[in-house]
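Below is one structure; the comments refer to it alone.
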Amino acid sequence: MNDLAERKFMGMLEASGAPKKASYNRAEFCRIFGISERTFYRMVAAHDLDPETGEPLFPWTVDSYMTRGHHRVRYAECVDYLARNRTIERKLAADPRQMSIFD
């Protein structure tokens, strides 16, 4: 795992008030990353792996799994997402401290 991305994610968890855990449901993921549900579903629907490298074809997508019809995103995938998207910005952050995480 990327240490910088993991530190950023831990800061995002703190800023959003979410605990560190093995996986996050749709609502938690949206609150942590400051995105809408519609954006989340687009990120999940477009996720596909490159057969040669095993990496996502599009870095802005997120790998998820389903339990009882609900999407969940693993902690490691959240950190990997941040590592793939180092230039991520949230213009409508729920907490102003979230923007300072990327300085």
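Quick note: numbers below take in every heavy atom, side chains included, and nothing from hydrogens, waters or symmetry partners. Residue numbers start at 1 and run along the sequence shown.
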Check whether Asn85 reaches the backbone of Pro59 with its side chain - one donor and one acceptor, N or O, closer than 3.5 Å.
yes
Walk me through it: do Phe9 and Tyr81 pass the test side chain to side chain contact (heavy atoms under 4.5 Å, CB included)?
CA-CA 10 Å; Phe9 187 62; Tyr81 171 79; over 6 Å; no
Within this structure, what is the NZ-CZ distance for the pair Lys21 and Arg72, rounded to the nearest 0.5 Å?
5.5 Å
Interatomic distance, Asp80 atom CG to Glu6 atom CD [nearest 0.5 angstrom]:
10.0 Å
If we only count heavy atoms from C-beta on, is the Met12 to Leu82 side-chain gap below 4.5 Å?
yes
Nearest 0.5 Å, please: how far is OH in Tyr41 from CZ in Arg38?
12.5 Å
When rounded to the nearest 0.5 angstrom, what distance separates CZ in Arg42 from OG in Ser36?
7.0 Å
Is it true that Tyr24 and Glu77 share a donor-acceptor pair across their side chains at a distance under 3.5 Å?
no
Atom pair CG (Leu13) and CZ (Arg31), whose distance is rounded to the nearest 0.5 Å
9.5 Å
OG1 of Thr39 to CH2 of Trp60, rounded to nearest 0.5 Å, is 9.5 Å
Taking every non-hydrogen atom, the tightest pair across Ala83 and Ala5
N-CB, 3.7 Å
Do Phe40 and Phe33 have their ring centres less than 6.0 Å from each other?
no
Do you know the tightest heavy-atom contact between Ser64 and Val73?
CB-CG2, 4.1 Å
For residues 48-58, which side-chain donor-acceptor pairs fall under 3.5 Å, sequence neighbours excluded?
residue, atom, partner, partner atom, Å
Asp50, OD1, Glu52, N, 3.0
Thr53, OG1, Glu55, N, 3.2

Any chance you could lay out the side chain to side chain contact (heavy atoms under 4.5 Å, CB included) test for His70 and Arg26, step after step, and finish with the verdict?
CA-CA 8 Å; His70 299 282; Arg26 171 198 37 80; 5.6 Å; no
So which atom in Met43 and which in Thr61 form the shortest heavy-atom distance, rounded to 0.1 Å?
O-CB, 3.3 Å
